[in-house]
Amino acid sequence: ALLRAHRDEYWRFWRWVEDRVASAALTGSIATPLGWKMLVGDLGRAGDSDWITGETTLQNWSMQAGGGDILRVACIALEEAGVRIAFPLHDAIAVECDLADVDEVSRATSRLMEAAAEAVLDAPIPVDVKVVKPGETLRGRKGHAMWGIVERALNARHPSRSAVCR
């Protein structure tokens, strides 16, 4: 019922997805806006054979891989602008700076990420900024339990460096 409601509400998006899947099935490949290509086997359920491309894989691929294009362009732009990238994280980029520069770096990062989306998609995508100051973490409620598992494993493996994980 939820997927049906989503399809009804966002029918233009789903038409685009269906067109992308049909084109990939006909041509044997699908590409991102910047040309990163995936070869496509026969459509079916993943696991049916060695050369099956699942329909849901194709339905998700354009959004996920297109987001990857945007992220790569944004990382290049940030690097060229002298912004220190700590790490990319799914659809985000963590940057680091001195506390005195946090407002300026946040604005520059947001502007460059929005420009990357515009360059790749010819459409704006708003960017949220979350500032994490010394002593704070990115962990949400769900992340605390998982980080505890990771931290214990790292500390058990490298007890002399346990302070790094705290």
query: Is Arg15 atom CZ crowded by more than 12 heavy atoms from other residues, nucleotides or ligands, each under 6.0 Å away?
result: no

Hydrophobic cluster identity match, Val120 and Val127, side-chain contacts under 4.5 Å: no

query: So which heavy atom on Ala116 is nearest to which on Val73, and how close?
result: CB-CG1, 3.7 Å

- request: For residues Ile85 and Glu79, report the shortest heavy-atom separation together with the two atoms involved.
  value: CD1-N, 4.3 Å

- prompt: Passes side-chain contact (heavy atoms from CB on, under 4.5 Å), Val17 versus Ser62? Steps please.
  reply: CA-CA 8 Å; Val17 167; Ser62 292; over 6 Å; no

Spacing of CD belonging to Gln64 relative to CG belonging to Asp69, to within rounding of 0.5 Å: 12.0 Å

message: Ignoring hydrogens, what is the shortest heavy-atom contact between Ala77 and Leu112? Give both atom names and the distance.
response: O-CD1, 4.0 Å

- prompt: Would a distance-only check, ignoring hydrogens and angles, find a side-chain to backbone donor-acceptor pair under 3.5 Å from Asp101 to Cys97?
  reply: no

- prompt: In terms of hydrophobic clustering (I, L, V, M, F, W, Y; side-chain heavy atoms under 4.5 Å; direct or indirect links), are Val83 and Ile76 co-clustered?
  reply: no

task: State plainly whether one hydrophobic cluster holds both Val105 and Leu78, where clusters connect Ile, Leu, Val, Met, Phe, Trp and Tyr through side-chain heavy atoms under 4.5 angstrom apart.
output: yes

- prompt: With a cut-off of 6.0 Å (strictly less than), are more than 12 heavy atoms of other residues, nucleotides or ligands near CG of Asp128?
  reply: no

message: To the nearest 0.5 Å, what is the distance between CZ on Arg84 and CG on Asp98?
response: 5.5 Å

message: How about CD on Glu18, more than 12 heavy atoms from neighbouring residues, nucleotides or ligands closer than 6.0 Å, or not?
response: yes

message: Membership question, hydrophobic clusters at under 4.5 Å side-chain separation (ILVMFWY): are Tyr10 and Met63 in the same one?
response: yes

message: Return the NZ to OG1 distance between Lys37 and Thr32, rounded to the nearest 0.5 Å.
response: 10.5 Å

message: Less than 4.0 angstrom from a charged side-chain N to a carboxylate O is my criterion; do Arg111 and Glu118 meet it?
response: no

- prompt: Distance from Ile30 atom CD1 to Leu58 atom CG, nearest 0.5 Å?
  reply: 5.5 Å

message: Classify the ring geometry of Trp61 against Trp36: parallel below 30°, tilted from 30° to 60°, perpendicular beyond 60°.
response: tilted

- request: With rounding to the nearest 0.5 Å, note down the distance linking CE in Met113 to SG in Cys75.
  value: 8.0 Å

- prompt: Going by heavy atoms in the side chains, are Val129 and Thr109 under 4.5 Å from each other?
  reply: no

statement: Minimal heavy-atom distance between Glu114 and Ile125, with the atoms involved, is CG-O, 3.4 Å

query: In terms of hydrophobic clusters joined by side-chain contacts under 4.5 Å, are Trp14 and Leu121 together?
result: no

- prompt: What do you reckon, is CH2 of Trp16 surrounded by more than 12 foreign heavy atoms closer than 6.0 Å?
  reply: yes

task: Give the minimum heavy-atom separation between Pro33 and Gly66, together with the two atoms involved.
output: CD-CA, 4.2 Å

- prompt: Quick check: does any side chain N or O of Ser23 sit under 3.5 Å from a backbone N or O of Asp19, one acting as donor and the other as acceptor?
  reply: no

